[in-house]
Protein chains: 2
Amino acid sequence: MNLLLENIAKHVSLTSQEQERVLSFTEPLQFKAKTILLKSGEVCTHSYFVTKGIIRSYNMDENGVEHVVSFACPGWWIADMYSFLSQRPGQLYIEVNEDAEVLAISKENQEKMYSEVPKLERFFRIIIENSLVASQQRLIDNMSFTAEARYDKFLKKFNDLAHCIPQKQIASYIGVTPEFFSKMKARLLKK
Amino acid sequence: MNLLLENIAKHVSLTSQEQERVLSFTEPLQFKAKTILLKSGEVCTHSYFVTKGIIRSYNMDENGVEHVVSFACPGWWIADMYSFLSQRPGQLYIEVNEDAEVLAISKENQEKMYSEVPKLERFFRIIIENSLVASQQRLIDNMSFTAEARYDKFLKKFNDLAHCIPQKQIASYIGVTPEFFSKMKARLLKK
DNA sequence: AACATTTCTTAATCTAGGTTAAGTACTTAA
DNA sequence: TTAAGTACTTAACCTAGATTAAGAAATGTT
């Protein structure tokens, strides 16, 4: 069965007509690794529901250093939320980490979906609530814990995926340089 | 007119019956400064819409250091989202900074509100979307900017309120110690 | 296979911000 | 009004993590 419909069914129940309607608003797309779906400065016109592969979002600071905002694996959504919601230029890059398949929803279709299938307001409210909780937790973790503890948390959260993600991206996600991350890992091995 | 209804009206339009219904789910409460509305380890049973004063939420790390998660002034919501949504014990404290008035909504009433006035699904979806964007922006800022730049951003975001908030709380919000914040401020004055 | 590019590691050096400690203002409460 | 707590400052010293640089290993390309 369809992964998106499965996920929706966890929170709201749709009739089969509504299910079809939802799918009709989405566009299945395939991307090779390293494809860039969005660049900083562009308007984010689509939100992506990942069904296969891994996609990440990041920003680049004034020194050209990347900071990973999120990794999306199957069952997760990814977009530059600020830009997608406001339809103004955003600051995030969205890039395919591993050959991926997604269901893409345009901003217009997202709005249509809300008006034609109002139950989805609830579904997305819940999805976004969960993202907010995760984002606040990460903020707290960054302020409360050392890099080592943050790496522990990362491994717990992404356990199986950690092996598919280049170290420099993990370093970026937990907020340290690749060099320090490498040193830290060597230190951990000695224990 | 009522601040909550004003805010709702910015995103969805309610009939006057619906407006009354919404208010009937809320409980107006007053609190003196320093009142603690929620402690770490407790279940967050209410979400608060601030109509007067300032309320803040924070966690305390294993060394007893506080980290401010958010300041809520009139027109803002505050709760331990994780705990409120899951009804499990949370890690946040919620404390009144300045004598405050709020509209409190219990978890049960929140759920009733969603089922009796489905338009509110949309309202809260939008509110939470905006919180998510703000939270992610703060994450990016913490990873990309120095303490000085973060303080600049803080001043822009909370300009008028900055004067009402103790320095140690500002320091905590931007993620530095009170001592370093003090040093940094002195350095900024010299420029 | 050979070259180019990117990723990862190691090590020396540096710095933003933390820690400790002591002193000076403010508040708050009896 | 006075004592006790809390907020802010200053300064000496410390450290987690950054920076720079150079080599080794992996990966991609012709």
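Everything quoted here is computed from the prediction, not taken from an experiment. Chain A is the first sequence line, chain B the second, and so forth, proteins listed ahead of strands; every chain is numbered from 1. Reckoned from all heavy atoms, side chains included, excluding hydrogens, waters and symmetry mates.
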*Asks:* Roughly what angle, to 10°, lies between the helix axis at the start of the helix from C/dA1-D/dT30 to C/dA30-D/dT1 and the one at its end, five pairs per end?
*Replies:* 50°
*Asks:* What is the separation between atom NZ on A/K168 and atom P on D/dG17, rounded to the nearest whole Å?
*Replies:* 20 Å
*Asks:* Could you see if B/M143 belongs to whatever hydrophobic cluster contains A/V68? Use Ile, Leu, Val, Met, Phe, Trp, Tyr and a side-chain cutoff under 4.5 Å.
*Replies:* no
*Asks:* Round to the nearest Å and state the distance from B/M143 atom CE to D/dA16 atom P.
*Replies:* 22 Å
*Asks:* In whole angstrom, give the distance that lies between atom CZ of A/R187 and atom P of C/dA11.
*Replies:* 14 Å
*Asks:* Take nucleotides 18-27 of chain C nucleotide by nucleotide from the 5' end and write B, S or -, depending on whether a protein heavy atom sits under 4.0 Å from the base, only from the sugar-phosphate, or from neither.
*Replies:* BBBB------
*Asks:* Can you check the A/I165 CD1 to C/dC8 C1' distance for me, whole Å?
*Replies:* 17 Å
*Asks:* Within the side chain of B/N7, is there an N or O that forms a donor-acceptor pair under 3.5 Å with the backbone of B/G75?
*Replies:* yes
*Asks:* In this structure, would B/L188 and B/L155 fall into the same cluster of hydrophobic residues linked by side-chain contacts under 4.5 Å?
*Replies:* yes
*Asks:* Is A/Q169 near enough to C/dT7 that one of its side-chain N or O atoms lies under 4.0 angstrom from OP1 or OP2?
*Replies:* no
*Asks:* Would you name the heavy atoms of B/Y173 and B/V69 that are closest together and state the gap between them?
*Replies:* CE1-O, 4.1 Å
*Asks:* Working note: A/F124 + A/W77, criterion ring-ring contact (aromatic ring centres under 6.0 Å, His included); need CA distance, chi angles, decisive distance, verdict.
*Replies:* CA-CA 11 Å; A/F124 282 104; A/W77 294 85; 5.3 Å; yes
*Asks:* Would you say A/N97's side chain and A/I55's backbone share a donor-acceptor pair under 3.5 angstrom?
*Replies:* no
*Asks:* Under the criterion side-chain hydrogen bond (donor to acceptor under 3.5 Å, both in side chains), which of A/Q110, A/E116, A/K112 is the partner of A/Y114?
*Replies:* A/Q110
*Asks:* Does atom NZ (B/K39) have a neighbourhood of more than 12 heavy atoms from anything else shown, all under 6.0 Å?
*Replies:* no
*Asks:* Can you tell me how far P of D/dG17 sits from CZ of A/R150, to the nearest Å?
*Replies:* 6 Å
*Asks:* Provide, to the nearest angstrom, the distance between the CG atom belonging to B/N142 and the P atom belonging to D/dG17.
*Replies:* 15 Å
*Asks:* Please report the distance, rounded to the nearest Å, between CE in A/M184 and P in D/dG17.
*Replies:* 8 Å
*Asks:* Tell me whether A/E18 contacts the main-chain N or O of A/T15 through its side chain, where contact means a donor paired with an acceptor under 3.5 Å.
*Replies:* yes
*Asks:* Roughly, in whole Å, what's the span from CD1 in B/I174 to C1' in C/dG17?
*Replies:* 11 Å
